[in-house]
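Structure first, commentary second.
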Amino acid sequence: MSSYPGVFFDEFGRPLLVLKDQESKRRLTGIEAHKSHILAAKAVANTLKTSLGPNGLDKILVSPDGEVTVTNDGATILDRMDVDHQIAKLMVELSKSQDDEIGDGTTGVVVLAGALLEEAEELLDRGLHPIRIADGYEYAARIAIEKLDQIADNYPIDLNNLEPLIETAMTTLGSKVVNKCQRQLAKIAVDAVMCVADFERKDVDFELIKVEGKVGGKMEDTMLVKGVVIDKNFSHPQMPKEVRDARMAILTCPFEPPKPKTKHKLDIRSTADYEKLFEYEQKKFLEMIEDIKKAGANLAICQWGFDDEANHLLLQNELPAIRWVGGPEMELIAIATGGRIVPRFTELKEEKLGKAGVVREISFGTTKDRMTVIEECHNSRAVTIFIRGGNKMIIDEAKRSIHDALCVVRNLVKDSRVVYGGGSAEIACGLAVREQADKISTLEQYAMRAFADALDSVPVALAENSGLRPIETLSYVKARQLKEKNSFLGVDCLQKGTNDMKEQQVIEPLISKKQQLSLATQLVKMILKIDDIRTQEGGGMQ
C-alpha cells in the first residue's frame with residue numbers, strides 16, 4: 001500500500017481516510033450531519049417561539065451561582081442558556097449579532113432561522129441537494145427584501161411631532177414585562193434619543209445615555225434626567241445637600257500626600273517626628289484644597305477615596321466633595337458639564353472646571369440610600385434614564401426593555417422607513433416569493449416555496465401565543481391580503497377588532513426586518529453547506 005500523511009490507498013487505488021484517535025471520536029456525514037444540525041437549531045428556535053409577540057411568555061433562568069433572570073428578550077435567553085451543540089451555538093451568535101447591529105428582533109430572527117431549517121429538512125428528504133436549497137433561499141430572501149422596500153412607509157422625524165416615534169417604541173415595549181408603563185417608557189426613550197441624536201450624521205451616541213436603576217418605588221416613578229445620576233453621595237454628612245451654580249473640579253489624582261513610587265519605609269522614633277509628619281500631611285491637604293479653590297471650584301469630584309482627615313479639612317474649608325466615582329461616570333460628568341478630567345492638582349485651571357446649574361443629593365424612602373443628580377448641565381446632550389421598580393429582576397428587565405426601545409428609535413433616526421407588525425410583512429413577503437416561484441422552472445422553485453412557508457411561521461407563532469387558532473387565523477389574513485391587495489393586514493394579537501396593523505399602529509423599523517431576513521438566510525445557507533462533522537464521543541452532538 002502506498003501512503004500519504006493520513007491517507008492510505010488499497011490495491012485498487014481507493015483512498016482510505018485514517019483519523020487520529022478515531023476510536024474516541026464520533027463522525028457524522030451527509031444527510032445524518034444535516035439532520036443533527038437541523039434538530040439542534042429547531043430545539044433552540046422552539047424554546048424562543050413561545051416568547052414571540054405581545055402575548056409571548058417569559059422565561060426564568062437561574063445561573064450556577066443562583067442569580068435569577070426573568071425575561072422574554074431572545075438575546076438574553078440564549079446568552080444565559082447553557083448550550084453544547086455547535087449549531088445551537090451558531091443560533092446564539094445569530095441572536096447576538098441581531099442584538100448588536102439592530103437591538104431588537106432577536107427572538108424573531110431565531111424563530112425564522114429554525115423554520116427555514118425545518119423546511120429544508122423536508123426538501124433534503126425529497127432528495128434536493130443542499131446547495132440548490134441554499135441558492136433557492138438566497139433568491140427568495142432577495143425577493144422578500146425587495147417586497148419590504150415596496151410596502152415600507154416613510155416616517156420622517158419631526159421634532160414638533162414625536163408621536164410616530166413613540167408608537168414605534170411602544171410596539172417594542174408591548175411584549176415586555178414593563179408594558180403597563182408602555183407609553184411612559186416609550187416617551188422617555190424617544191426624548192433621550194432626541195436629546196443626544198446627531199441629525200446631520202444620522203447617528204445616536206449611546207455613550208451619552210446612561211441607564212441607572214434603584215430598587216424601590218413604582219415603575220411609574222421612572223424618569224428622564226437631563227444630566228447625570230451617580231450612585232454616590234457627598235463624602236461628609238454635614239456637607240450641603242445641594243450646590244447651585246456648581247463649578248466642578250473633576251479629579252483623578254488621589255487626595256493624599258505624595259508618596260515615593262519605590263518601596264519605602266518610615267521610622268517614627270519620637271513624638272516630635274510624629275507631629276512633624278502630621279503637620280506635613282496637614283500642609284499638603286491644605287495646599288490641595290487651596291489649588292482647588294484658587295481655580296474657582298466649589299465642588300470636588302474625586303475618582304479615588306480620601307481619609308477622614310482630608311474629609312474633615314474639606315468640610316472646614318467649605319468645599320463639598322464626592323469620592324469613589326467610577327471611570328465611566330467621570331467621563332460622562334466631564335462630557336455633560338463641559339469640564340476636563342484633571343490628573344494633577346497643579347494642572348487645575350478655571351477653564352478645566354465643569355459647570356452645572358445644580359448638583360443635589362436625593363434620598364429614597366426610609367432607607368439611607370442616596371444618589372447625586374447633576375442637572376442643568378453645560379452640555380445638555382448627556383442624559384440619564386433613572387428606573388425604579390419593586391425588585392432587582394424588574395429593574396434588570398426594564399433596562400433591557402429600555403435598551404430595545406432606544407435601539408428602535410435610533411434605527412428610525414438612521415433610516416426613517418417602517419413596516420407594520422403583526423406578521424403582516426412576513427405574509428406579504430411570503431405571497432411575493434410564492435408568486436415568483438411559480439415563474440421559474442428550475443429546482444430552486446421548491447426551496448423558494450419552502451422559504452415562503454417558513455415566513456408563515458412568524459404569524460402562526462403570534463396567533464398561537466395569543467390563544468387564537470393559528471391555521472385558521474393565517475388563512476383568513478392571507479386571503480384578505482390577496483383579495484384586498486392590502487399588505488398591512490396581520491394577526492390581531494391584542495384582539496382590538498381590526499387586522500389592519502397600520503390602524504392599530506403596530507410599527508417596526510424596516511432596517512430591523514431586512515436584517516432579520518438577511519441574517520437568518522445567511523446562517524441557514526452556512527449550516528446547509530456543512531456535511532461532515534467530527535467531535536469527541538459523547539460531547540457536542542447530543
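The figures that follow rest on heavy atoms only: side chains count, while hydrogens, waters and symmetry mates do not. What you are looking at is a predicted structure, and each value in this text was computed from that prediction instead of being measured.
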- Task: Pick out which of Asn72, Asp58, Ile402 makes a side-chain contact (heavy atoms from CB on, under 4.5 Å) with Lys176.
- Result: Asn72
- Message: Using the side-chain contact (heavy atoms from CB on, under 4.5 Å) definition, which of the options Leu116, Ile133, Leu112 pairs with Phe451?
- Response: Leu116
Backbone N or O of [Y] within a donor-acceptor pair of the [X] side chain at under 3.5 Å?
X: Gln182; Y: Met170; result: yes
X: Thr168; Y: Pro164; result: yes
X: Thr171; Y: Glu167; result: yes
X: Gln481; Y: Leu489; result: yes
X: Gln184; Y: Thr222; result: yes
X: Asn465; Y: Lys49; result: yes
X: Asp79; Y: Ala75; result: no
X: Arg388; Y: Lys214; result: yes
X: Gln504; Y: Thr498; result: yes
X: Ser51; Y: Leu57; result: yes

About how many Å separate [atom2] of [Y] and [atom1] of [X], when rounded to the nearest 0.5 Å?
X: Glu121; Y: Arg126; atom1: CD; atom2: CZ; answer: 13.0 Å
X: Ile151; Y: Arg417; atom1: CD1; atom2: CZ; answer: 12.0 Å
X: Cys181; Y: Lys187; atom1: SG; atom2: NZ; answer: 14.5 Å
X: Lys202; Y: Asn411; atom1: NZ; atom2: CG; answer: 13.0 Å
X: Thr442; Y: Asp135; atom1: OG1; atom2: CG; answer: 9.5 Å
X: Arg434; Y: Leu482; atom1: CZ; atom2: CG; answer: 9.5 Å

- Message: As a quick check of understanding, evaluate salt bridge (charged side-chain N to carboxylate O under 4.0 Å, His left out) for Glu163 and Arg183, giving each step before the final call.
- Response: CA-CA 10 Å; Glu163 194 59 31; Arg183 183 169 185 86; 2.8 Å; yes
For a 4.5 angstrom cut-off between non-hydrogen side-chain atoms, does [X] reach [Y]?
X: Pro459; Y: Glu426; result: yes
X: Thr69; Y: Ser63; result: no
X: Ser512; Y: Val408; result: no
X: Met194; Y: Leu165; result: yes
X: Met81; Y: Val92; result: no
X: Lys392; Y: Glu67; result: yes
X: Leu78; Y: Lys96; result: no

Salt bridge or not for [X] and [Y], using N-O below 4.0 Å?
X: Lys35; Y: Asp125; answer: yes
X: Lys514; Y: Asp149; answer: yes
X: Asp492; Y: Lys496; answer: no
X: Arg410; Y: Asp203; answer: no
X: Glu397; Y: Arg400; answer: yes

Test item: side-chain donor near acceptor, [X] and [Y], under 3.5 Å:
X: Asp104; Y: Gln98; value: no
X: Asp404; Y: Thr172; value: no
X: Thr71; Y: Lys59; value: no
X: Asp500; Y: Tyr420; value: no
X: Asp99; Y: Thr106; value: no

How close do [X] and [Y] get, heavy atom to heavy atom, and via which atoms?
X: Val506; Y: Gly422; answer: CG1-N, 4.0 Å
X: Thr473; Y: Arg469; answer: OG1-O, 2.6 Å
X: Ala520; Y: Leu94; answer: N-CD1, 4.1 Å
X: Gly389; Y: Ile394; answer: CA-CG2, 4.4 Å
X: Leu523; Y: Ala113; answer: CD2-CB, 4.5 Å
X: Ser36; Y: His85; answer: OG-NE2, 3.3 Å

Can you confirm whether [X] is buried at [atom1], in the sense that more than 12 heavy atoms of other residues, nucleotides or ligands lie under 6.0 Å from that atom?
X: Lys210; atom1: NZ; answer: yes
X: Glu207; atom1: CD; answer: no
X: Glu484; atom1: CD; answer: yes
X: Tyr446; atom1: OH; answer: no

- So His37 and Ile530, side-chain contact (heavy atoms from CB on, under 4.5 Å) or not? Walk me through it. CA-CA 9 Å; His37 302 157; Ile530 301 169; 3.4 Å; yes
- Step by step, work out the side-chain contact (heavy atoms from CB on, under 4.5 Å) result for Ile440 and Met448. CA-CA 10 Å; Ile440 63 170; Met448 290 172 72; 3.3 Å; yes
- Task: Start with the C-alpha distance between Lys478 and Leu431, add both sets of side-chain angles, then the distance that settles side-chain contact (heavy atoms from CB on, under 4.5 Å), and finish with yes or no.
- Result: CA-CA 8 Å; Lys478 203 181 278 188; Leu431 292 171; 3.7 Å; yes
- Query: Stepwise, does the side-chain contact (heavy atoms from CB on, under 4.5 Å) test hold for Val196 with Val204?
  - Reply: CA-CA 6 Å; Val196 305; Val204 176; 3.6 Å; yes
